[in-house]
Peer 1: 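Take a look at the following structure, please.
From a predicted model like this one, the values you see are computed outputs, not experimental measurements. Letters A, B, ... mirror the listed sequences (proteins, then strands); counts begin at 1.
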Number of protein chains: 2
Amino acid sequence: MHEHAPKSKLELTRNQALVFDALADAGGPLTAYAILDALREEGMRAPLQVYRALTKLMNVGLVHRLESLNAFVVCRHPECSSHETAAFAICETCGQVDEFAPDEAVSLLQSWASDHKFALARTTIELRGECSSCHK
Amino acid sequence: MHEHAPKSKLELTRNQALVFDALADAGGPLTAYAILDALREEGMRAPLQVYRALTKLMNVGLVHRLESLNAFVVCRHPECSSHETAAFAICETCGQVDEFAPDEAVSLLQSWASDHKFALARTTIELRGECSSCHK
DNA sequence: TCTCGAATGTAATATTATAACGCCTCTGAA
DNA sequence: TTCAGAGGCGTTATAATATTACATTCGAGA
Ligand SMILES: [Zn+2]
Ligand SMILES: [Zn+2]
Ligand SMILES: [Zn+2]
Ligand SMILES: [Zn+2]
């Protein structure tokens, strides 16, 4: 679980690479079914094919799931050592997503977990609002 | 939008009160359909009745939505002045949810937003892991 | 009384995600 | 060399979550 090893698309299977490229080309979040529709011509036919590829891509750290959107984005972390603790600013006007690494905020949350004997497995941090381009 | 005024169940309609009580009685998160099933005998028949009540309850600050669970919980904030900035620790073993107010972490996120000219509307912070009771 | 906004009831449908099954391919141990 | 297990694949069906559309009812003011 959470292999986290490669962080490269070298070892991807055909379906995994197709899904990754579709997400990367979109330049923003896509739902699983939007990915499926984008890949009909490449032979992708069933939701499960997409979900399986997404699961793998998330495990190796190439893709994030946006919980508040039920959608997926490629990881934009420079090195993504902190893949499990990324945060996302989601513009509700244009749909753009900005991934960032709120290290101090995450350590405060880790401290809370530690203080409360909560065995933290992963955190979801998502900011909703309007990005600078849209908010003039 | 986001009336945020009452924070009491005094002004609730019948359906809203039924949904609130079902959630409060559960003592933990419930999905909309679980609430519906719990309220069949009280006359609740359609998902939309539940979703409409939940929307209202969230607007007045009595209920939170857990994005990573597609479920809902009653607000446990003492005063809940910071209803929009609550965080949740979700035990993946027993399902228990602990709401807390990570004020310092939230201000760091607000600073990030401010620094990046992102007009922050609301934040989602959810910790997944195992609670102290389960993690022995 | 009138009227407007909120809430309701109901049916139909859309969207998101998983279960269950069998097959194939690779790889490493016997 | 064989063969067992793990992982991936394709397909069908179904489960779980959420919304659209429309008609009706309720309740607090004007
Ligand atoms: Zn990342
Ligand atoms: Zn924008
Ligand atoms: Zn709260
Ligand atoms: Zn627990």
Side-chain angles (χ1 to χ4, degrees), chain A residues 1-6 9-20 22-23 26 29-60 62-73 90 92 95 124 126, chain B residues 1-6 9-23 26 29-60 62-73 92 95 124 126:
Chain A
M1 186 141 318
H2 289 299
E3 318 167 21
H4 237 263
K9 38 180 305 199
L10 294 181
E11 312 175 8
L12 300 182
T13 65
R14 169 174 164 81
N15 282 355
Q16 291 159 12
L18 283 171
V19 168
F20 179 87
L23 260 186
L30 290 181
T31 67
Y33 281 79
I35 294 169
L36 175 58
D37 286 341
L39 294 177
R40 296 267 184 207
E41 299 199 341
E42 329 293 334
M44 202 68 79
R45 297 183 185 185
L48 201 43
Q49 295 176 289
V50 174
Y51 281 107
R52 287 198 277 224
L54 286 169
T55 298
K56 172 71 181 214
L57 291 167
M58 287 188 292
N59 282 343
V60 301
L62 287 167
V63 162
H64 294 282
R65 174 183 171 85
L66 300 175
E67 302 286 358
S68 66
L69 241 40
N70 292 329
F72 305 84
V73 285
I90 302 168
E92 296 184 318
T124 297
E126 299 180 12
Chain B
M1 184 145 316
H2 290 299
E3 317 166 19
H4 238 264
K9 39 180 305 199
L10 295 180
E11 313 174 7
L12 298 182
T13 65
R14 168 173 163 82
N15 282 355
Q16 291 159 12
L18 283 171
V19 169
F20 179 86
D21 289 343
L23 261 186
L30 290 181
T31 68
Y33 280 78
I35 294 170
L36 175 58
D37 286 340
L39 294 176
R40 296 267 184 207
E41 299 199 342
E42 328 293 334
M44 202 68 79
R45 298 184 183 186
L48 195 45
Q49 296 176 288
V50 174
Y51 280 108
R52 287 198 277 224
L54 286 169
T55 299
K56 172 70 181 213
L57 291 167
M58 286 189 291
N59 282 342
V60 302
L62 287 168
V63 163
H64 293 283
R65 175 184 170 84
L66 299 175
E67 301 286 358
S68 66
L69 240 40
N70 292 331
F72 304 85
V73 285
E92 296 183 320
T124 296
E126 298 180 13

Peer 1: For the side chain to side chain contact (heavy atoms under 4.5 Å, CB included) test, which of A:L62, A:V63, A:T55 pairs with A:N59?
Peer 2: A:T55
Peer 1: For B:L69 and D:dA18, what is the distance between atoms CG and P respectively, to the nearest whole Å?
Peer 2: 11 Å
Peer 1: Under 3.5 Å, is there a donor-acceptor pair between the side chain of A:E126 and the main chain of A:E67?
Peer 2: yes
Peer 1: On a plain distance test, is the side chain of A:Y33 in donor-acceptor contact with the base of C:dA14 below 3.5 Å?
Peer 2: no
Peer 1: Can you pull out the residues from residues 43-55 of chain A that lie within a 4.0 Å heavy-atom distance of DNA chain D?
Peer 2: A:R45, A:A46, A:L48, A:Q49, A:R52
Peer 1: What closest approach, in Å, do A:A53 and A:N15 show between heavy atoms, and which atom pair accounts for it?
Peer 2: CB-O, 4.0 Å
Peer 1: Identify the heavy atoms of B:M58 and B:H64 that sit nearest to each other, and give their distance.
Peer 2: SD-C, 4.4 Å
Peer 1: So, is A:T13 near the phosphate of D:dC9, with a side-chain N or O under 4.0 Å from OP1 or OP2?
Peer 2: yes
Peer 1: Select one nucleotide: of D:dG8, C:dT16, D:dA18, the one nearest the side-chain heavy atoms of A:T31.
Peer 2: C:dT16
Peer 1: Please collect all salt bridge (charged side-chain N to carboxylate O under 4.0 Å, His left out) contacts where either partner lies in residues 41-55 of chain B, sequence neighbours excluded, each pair once.
Peer 2: none
Peer 1: Within this structure, what is the CD-to-P distance between A:E11 and D:dG7, rounded to whole angstrom?
Peer 2: 14 Å
Peer 1: Send over the distance from B:L39 CG to C:dG9 P, rounded to a whole Å.
Peer 2: 12 Å
Peer 1: For A:N59 and D:dG8, what is the distance between atoms CG and C1' respectively, to the nearest whole Å?
Peer 2: 14 Å
Peer 1: In terms of side-chain heavy atoms of A:N70, which of C:dA7, C:dT16, C:dG9 is nearest?
Peer 2: C:dT16
Peer 1: When the distance from CG of B:L36 to P of D:dT19 is rounded to whole Å, what number comes out?
Peer 2: 15 Å
Peer 1: If I compare all heavy atoms of A:M44 with all of A:Q49, which pair ends up nearest, and what's the gap?
Peer 2: SD-CB, 3.4 Å
Peer 1: Under the criterion side chain to side chain contact (heavy atoms under 4.5 Å, CB included), which of A:L54, A:L57, A:N70 is the partner of A:R65?
Peer 2: A:N70
Peer 1: Rounded to whole Å, how long is the line connecting atom CG of A:L30 with atom P of C:dT15?
Peer 2: 15 Å
Peer 1: How long is the line joining NZ of A:K56 and P of D:dG7, in whole Å?
Peer 2: 8 Å
Peer 1: By nearest nucleotide on DNA chain C, pick out whichever of B:Q16 and A:A34 is the more 5' one.
Peer 2: B:Q16
Peer 1: Taking atom C1' of D:dC9 as reference, at what distance in whole Å does atom CG of A:L18 sit?
Peer 2: 13 Å
Peer 1: At less than 4.0 Å, is any side-chain N or O atom of B:R65 found next to OP1 or OP2 of D:dT17? Yes or no.
Peer 2: no
